[in-house]
2 protein chains.
Amino acid sequence: MSNYKTIETEKIEAEQLVDIFKALANGHRLKIYNILTTCCTPGTSCASDEVFSCCVGDLDSQLNIAASTLSHHLKELHRAGLIHMRRDGKQVFCSVNTQAMQQLQNIFSSNLVGVKS
Amino acid sequence: MSNYKTIETEKIEAEQLVDIFKALANGHRLKIYNILTTCCTPGTSCASDEVFSCCVGDLDSQLNIAASTLSHHLKELHRAGLIHMRRDGKQVFCSVNTQAMQQLQNIFSSNLVGVKS
DNA sequence: ACTATAATTCGAAATATGTCGAACTATAAA
DNA sequence: TTTATAGTTCGACATATTTCGAATTATAGT
């Protein structure tokens with residue numbers, strides 16, 4: 001747990017920002033993130049019986065990659081602090097970290113990359 | 001010239017977005033982009049006699065990498081459509097593509113990654 | 001305890017990226 | 001036209017990333 005970024009400070013560290021961009025710099029991961037943004041709107045709980053659920057298996061069915069590869073990508077997104085993952089029984093449910101998304105918006109709004117040097 | 005992205009459409013293609021994140025997913029390139037954002041505010045022309053100029057040589061002096069490496073990184077940022085490059089005599093001046101920046105902000109504002117599938 | 005389902009970890013292989021120095025091109029000045 | 005300055009291109013090498021299948025862990029049901 002201590003290995004994973006939280007993105008809670010106002011200004012994001014330059015290195016952390018690189019990690020975030022790195023996490024999004026892949027077609028599969030961007031698609032995953034995209035699916036999660038359109039599925040898990042803030043406040044919505046992602047139960048598996050909803051149309052747009054987002055447990056790992058559901059993502060798997062939309063991606064045409066090996067389960068192990070998907071797992072790897074989810075880990076990357078999680079490590080960057082872009083998504084949440086919680087286990088519920090046999091399944092692991094994923095959702096976007098809306099707070100992180102907010103801060104990314106801020107970064108690109110004023111003059112970009114307002115990072116602590 | 002036809003090889004370089006322009007980022008003029010409202011919605012950004014998913015692949016293009018991956019290229020943009022890829023371009024920013026590197027410490028040196030992010031630093032370059034950062035320098036350019038704090039130097040070339042919209043409308044400002046970046047003459048070499050200003051304090052914050054941004055010809056390739058000026059960037060070089062701030063980065064501690066080989067000139068050839070810098071050139072490579074600038075090409076990546078340019079290919080992604082994130083910066084402009086124009087030759088003026090012996091020097092090549094770089095500046096951010098503010099339009100691209102704007103669109104990145106939009107992407108992260110509504111529900112992220114509003115990409116054409 | 002056994003079986004099935006969901007997901008992760010591991011190790012290997014293929015591909016991509018970052019980096020440098022040497023050689024090259026472009027422009028301006030002597 | 002020779003020389004100096006500013007950048008780029010090329011080829012090589014080291015490192016990082018992506019991907020898979022096989023083996024493993026976690027949980028729930030029989």
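Here the structure is a predicted model, which is why all the values come from computation and not from measurement. Here is how names work: the chains are called A, B, and so on, in the same order as the sequence lines, proteins then strands, and each is numbered from 1.
As a whole-Å value, the separation of B:Leu59 CG from D:dG7 P is 9 Å. Residue A:Leu74 contributes atom CG, which lies 13 Å from atom P of D:dT19 at whole-angstrom precision. A:Asp88 places its CG atom 15 Å from the C1' atom of C:dT5, with the value rounded to the nearest Å. To the nearest angstrom, C1' of D:dA6 lies 11 Å from CG of B:Leu70. Here D:dT17 presents its C1' atom at 14 Å from CG of A:Leu77, a figure rounded to the nearest Å. For B:Lys90 and D:dA6, the NZ to P distance is 6 Å, given to the nearest whole Å. At whole-Å resolution of the value, CZ in A:Arg87 and C1' in C:dA6 are 7 Å apart. When the P atom of D:dT19 is taken as reference, atom CG of A:Asp60 falls 13 Å away, rounded to whole Å.
C:dA16: Watson-Crick or G-U partner is D:dT15, with both key distances under 3.5 Å.
Judged by distance alone, the side chain of A:Arg29 and the main-chain N or O of A:Ile32 form no donor-acceptor pair under 3.5 Å. Put simply, the side chain of B:Asn97 gets close to the backbone of B:Gly81: a donor and an acceptor are under 3.5 Å apart.
Partners of A:His84 according to the ring-ring contact (aromatic ring centres under 6.0 Å, His included) rule, which considers only residues two or more places apart in sequence or in another chain, do not exist here.
In terms of heavy-atom proximity, A:Lys31 sits nearest to A:Gln62 at NZ-O, 3.4 Å. What you find for B:Leu82 and B:Tyr33 is that their closest heavy atoms are O-CE1, 3.5 Å. The heavy-atom pair separating B:Ile83 from B:Met85 by the smallest distance is CD1-CG, 4.1 Å.
Where B:Gly89 and A:Met85 each meet DNA chain C at their nearest nucleotide, the meeting point lying more 5' is that of A:Met85.
A sub-4.0 Å separation between OP1 or OP2 of D:dT9 and a side-chain N or O of B:Lys75 is present.
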Please list each protein N or O that sits under 3.5 Å from an N or O in nucleotides 13-20 of chain C, with the distance.
| unit_1 | atom_1 | unit_2 | atom_2 | d |
| --- | --- | --- | --- | --- |
| C:dG18 | OP1 | B:Asn26 | ND2 | 3.2 |
| C:dG18 | OP1 | B:Arg29 | NH2 | 3.1 |
| C:dG18 | OP2 | B:Arg29 | NH1 | 3.0 |
| C:dT19 | OP1 | B:His28 | ND1 | 3.2 |
| C:dT19 | OP2 | B:His28 | ND1 | 3.1 |
| C:dT19 | OP2 | B:His73 | NE2 | 2.7 |
| C:dC20 | OP2 | B:Ala66 | N | 2.8 |
| C:dC20 | OP2 | B:Thr69 | OG1 | 2.8 |

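In this structure, the side chains of B:Leu74 and B:Cys94 come closer than 4.5 Å at one or more pairs of heavy atoms.
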